[in-house]
Amino acid sequence: MIRRHELTDREWELLAPLIPRAVRGRPRAEDRRIINGMVYKIRTGISWRDLPERYGSWQTVYTRFRRYAIDGVFTRALRQIQTRADAAGDIDWLVQIDSTIVRAHQHAAATGRKGGSTGRTNRTITPSADPEEA
């Protein structure tokens, strides 16, 4: 049964050959279950310790996630999957830029902090110098 925050069979078929295989040592936990644990954690935003038991030990999932991130497994997998999809014409590389302005809440200002000003000030914000011109 595929759950909401897990990889589909098609997604797993694409990803499985790109996951490193263990060649020595004790048998490790099933790759798909561990990867689904990583996906669940990332999609839901929970802490590692709150990972449901169906994915195995949270320490195992975290350790494998960290190892793959450091070794560049995710980056290589993304590049290879993108390359295949691009060759098949499945990617539209049109880029759209949104110029929406996001404003911080008034309480996000730095006033009232230790060493900061406590009163209202009217500061002019200027862009930093361009490193090319320096």
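Please read all numbers here as calculations on a predicted model, not as lab measurements.
Within the 4.5 Å cutoff, the side chain of Lys41 has no heavy atoms near those of the Val61 side chain. Ile81 places a side-chain heavy atom less than 4.5 Å from the side chain of Leu18. With contacts defined as side-chain heavy-atom distances shorter than 4.5 Å, the pair Arg64/Met38 qualifies. Side chains of Trp12 and Ile35 form a contact here, defined as non-hydrogen atoms less than 4.5 Å apart.
The local environment of CZ in Arg43 is crowded, with over 12 non-hydrogen atoms from other residues, nucleotides or ligands closer than 6.0 Å. Within a 6.0 Å sphere centred on CZ of Arg33, other residues, nucleotides and ligands contribute more than 12 heavy atoms. The environment of Glu53 atom CD is sparse: at most 12 non-hydrogen atoms of other residues, nucleotides or ligands sit within 6.0 angstrom. Surrounding CZ of Arg10 are at most 12 heavy atoms belonging to other residues, nucleotides or ligands under 6.0 Å away.
Considering every non-hydrogen atom in both Glu11 and Thr8, the closest pair reads OE1-N, 2.8 Å. Of all heavy-atom pairs spanning His5 and Val39, the tightest one is O-CG1, 3.3 Å. Across all non-hydrogen atoms, the minimal contact from Ser57 to Gln59 is OG-OE1, 2.7 Å. Taking every heavy atom of both residues into account, Ile46 and Pro52 meet most closely at CD1-CD, 4.2 Å.
Comment: Arg32 engages Asp9 in a salt bridge, judged by a side-chain N to carboxylate O separation of less than 4.0 angstrom.
Partners of Tyr55 according to the ring pair (Phe, Tyr, Trp, His ring centres under 6.0 Å) rule, which considers only residues two or more places apart in sequence or in another chain, are Tyr40. In this structure Trp48 satisfies the ring pair (Phe, Tyr, Trp, His ring centres under 6.0 Å) test together with Tyr62, Phe65, sequence neighbours excluded.
Residue Leu15 is tested with Leu78, Asp31, Leu7 for a side-chain contact (heavy atoms from CB on, under 4.5 Å); the sole match is Leu7.
A donor-acceptor pair under 3.5 Å is formed between the side chain of Arg76 and the backbone N or O of Asp71.
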